[in-house]
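Inspection log for the structure reproduced underneath, given as structure tokens.
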Amino acid sequence: AGGSFGHPRSPPGLGAGTAAGGIDVKGTYSKCLMVASQLKSLTFVRCSLIPSLSSSPSGTGGDRDFYFATLSEFASQYVDALGSTGNLPITRQEWLDDETNLAQSEWMEREQQRQFGEWAGEVPDDGGDGDTAQEQGPVAVNVMDRPDCLEDVFALVSSVCETYPAGSKAFWSVVVEEEEEGSTTAAADTTMSSSALSLAPSRALQTLDLLQSENDASLYAYLSFLAALALADGASSTSPNGAAMVHSFLSGGRTVGGSRGGAAADRRMHFLWSTAMGYLRWYAEHLSPDESTGDDGNGAKKGAGHHRRASGPGTDGAASANESSTSYYYGVGSGGASGATSSADADNAATSGGPASTTSTAAAVASSGNDNGPSNGKELDEVGRNTLAALLCLISNVASKSPEAREFILGIRLPTLDANGAETGCRDGSLEILFSLLTISSLPVDIMGMAFVAIANL
């Protein structure tokens, strides 16, 4: 298909950034930011440069710290520039949809030209082999032509922060917060103010949070970025560290926009700890072999409520079972990624125990059997695997550095629902949900290891 690269979220403004000599400064700046995505430089840094610096004999001690400090600072400035200028690249699914639509349009145009030629009496091109060359459909999209997308940008951030945790602070903004201290004496009331450095959401985080609240397709990038930010130390010895700040976002204490309470908080607090645990429970239930066979196994250990949730909120289970497992696994099927969702849907996810997006629920888990018979298990597609890994990593990173977060997460208990959507009176605890992942034999080994680490950190 046509080689379109990562398109910016909003087109660079013309006119306002044009100098007297006729040079579009703002447009040139935006194009410079896009070059790294087009050339797949971010993937090169993540897959080649960082491993080589980590394993190189010369990359030890002070030299190694210098290399990664420079890399983390450069990466933070680049990501911040993408967020502030509206040039964050599109997601992989959006790129695939654009390329698929482009291939479809080009095929329809060629087909119309061929039909018009036949009506006009023109001899169709036989391709030199004596047979009339007719395309049977649009050209398949070559995923190897895909540029670095939104997921690749924040995969680089996660890789940098995981390799060099001290560099995580570069992806936060550091602000000065004024604190007022009042004292009352017999003579007069006095108010003293003191200032302290504190971490605050960067422009990249605010932009990504807004994107995720409008479209669930960027959920994996959003979760992986929060997990990376949780590794940062505090701006000062007395200020909250990155894990405490991320916990305050996900517990509803403050918004990523920085305001406390009000209408903005109602709109922005769309993803909470309870939502994260609801996602994990949904994955645990849908990956169960008993669900795919329709057999409840030994006795009634999985009641009607479990079977109802396994079909997914608003998802046709039969339709998803008929999809090819190969297309799901490689993330190139019709439901290979999350779709649009609303804040109201996200709020319902914690109660129903599943992802809010119906496209996400259909695609996150695929049948591993053939299309003509019952399956014996289910497997994660690319989006489901990345999202589940990001959820476990987020819980692990935050819990390991924030005692308040550990206590809060352990206190979450999600209600179970029966077939009619009514609460059964039973509740699933956080540890119970995490341990249920360990009982799934089809779970990838690396994700099972991440589940063990998350349980240990709690």
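Just so you know, residue 1 is the first one in the sequence shown, and it goes up from there.
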How far apart are the closest heavy atoms of [X] and [Y], and which atoms are they?
X      : Y      : answer
Asp216 : Gln212 : OD1-NE2, 2.7 Å
Ser72  : Phe171 : O-CZ, 3.8 Å
Trp95  : Cys149 : CB-SG, 4.2 Å
Val256 : Tyr222 : CG2-OH, 4.1 Å
Pro147 : Gln38  : CB-CA, 4.3 Å

Mind telling me whether Phe74 and Tyr78 have parallel, tilted or perpendicular rings, with 30° and 60° as the class edges? parallel
Are [X] and [Y] close enough that some pair of their side-chain heavy atoms sits under 4.5 Å apart?
X      : Y      : value
Trp172 : Leu229 : yes
Leu438 : Ile455 : yes
Asp65  : Tyr164 : yes
Ile440 : Met448 : no
Leu272 : Thr275 : yes
Arg92  : Leu96  : no
Phe249 : Pro201 : yes

So with a 6.0 Å cut-off around CZ of Phe452, is the heavy-atom count from everything else above 12? no
Gln104 atom CD, over 12 foreign heavy atoms within 6.0 Å: yes
Would you call Arg46-Asp152 a salt bridge at under 4.0 Å N-O? yes
Give a yes or no on whether a salt bridge exists between Arg385 and Glu382, defined as a side-chain N under 4.0 angstrom from a carboxylate O. no
So, [X] side chain and [Y] main chain: donor-acceptor pair closer than 3.5 Å or not?
X      : Y      : value
Ser402 : Val398 : no
Ser37  : Met34  : no
Ser218 : Ala221 : no
Lys401 : Ala244 : no
Asn397 : Ala230 : no
Asn457 : Ala399 : no
Ser436 : Ile433 : yes

Separation between OG of Ser400 and CG of Leu458, rounded to the nearest 0.5 Å: 9.5 Å
